Amino acid sequence: MLLSVENLSVAIGPVEPLSGLSLALDRGEILGLVGESGSGKSLTALAVTGLLPLIGGRVSSGSVSFDGVDLCRLPEADLRGYRGRRIAFVTQNPMTALDPIQRIGDQVDVVARLHLGLGKAAARARTVDLLASLRIPEAAAICDAFPHQLSGGMKQRIVIAMALAGDPDLIIADEPTTALDVTVQAQIIHLLGQLARDRGLGLLLITHDMGVVAQVCDKVAVLYAGRLAETREVGQLFAAPAHPYTRALIGCIPREGMAPGSLSGIPGAVPSVATYPGGCRFHPRCPRAAEPCRAAPPPFAARPGGGMLACHFPLEPADA
Ligand code: SF4
């Protein structure tokens, strides 16, 4: 297994915003990590890349095994050998990810020079190839451009090129299209998914958009208020969600031919870490909540038919 997260909990000061997270991702697979804002998705990305200290956080228990090495036990100096080289990150906002006063080519070249030890000419040739593979026209000429001369979609392709330039095994893409307009979003997501498959990379795609997940992912992990609700193979999950929160998220996807005003939302909001309710954290918003849900959190356990689930009263396929 390329990435195996086992029972991971994260603490920031006295609070625990992420509890008991377990994920598995192999080469050539695309895993979607979904949930509303505040569910702990970006925190998961920081934990996997060892960047929690940047926000005053730490792994309080569990492990993050990457290619057989527990990254949580590595000193910072060793972790640097993984970041950029073997684990690459695509950030939310390409407008701030790029240096505004450096030419595009130089920003991509430096990744291959630093992580692969390539000389100037070889790094530039690699950059031009990468930009072309990302369907950037006139790739050689674009290398001389500055970020402000490119559109938002083009800038995000450059950020993806930077992620690929170190020849990584795993890409973590955290809401990679949030800052882009909707038509460009679809192009970028499909391109990223295609590149990951063609190159046999693992891709952890963090998103709040179930529509994106349905289009490109192989499997899905649904996160709510710092705990996993459900993990399944993508086709099974959309055909018959077992967790009420998963079903609610799927209900938020706009569909062709929908009557105006018929799109359902999820009442209420994800609680902040300081106000996580006892029992199942989804119970204040769940239409199936009953006394056992308020009394004790449901265990996250294997379910018949595949996947893992945390719910006292799961949906049957006929309910979905
Ligand atoms: Fe709803 Fe209860 Fe399941 Fe939580 S455990 S999702 S409250 S039915």
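In listed order, ligands and their atoms are each counted from 1. FYI, side chains are in, hydrogens and waters are out, and symmetry mates aren't considered; it's all heavy atoms of this structure. No experiment lies behind these values; they were computed from the predicted model shown.
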Electrostatic pair D109:K120 at N-O distance under 4.0 angstrom: no
Number of protein N/O/S atoms that sit closer than 2.8 Å to atom 3 (Fe) of ligand 1: 1
side-chain hydrogen bond (donor to acceptor under 3.5 Å, both in side chains) between D70 and S63, intermediate numbers included: CA-CA 6 Å; D70 185 355; S63 63; 4.7 Å; no
Under 3.5 Å donor-acceptor, R126 side chain and A112 backbone: no
Polar side-chain atom of S4 near backbone of A24 as donor-acceptor pair, under 3.5 Å: no
Ring geometry between H243 and F282 (parallel below 30°, tilted from 30 to 60°, perpendicular above 60°): tilted
R83/D78 ion pair, N-O < 4.0 Å: no
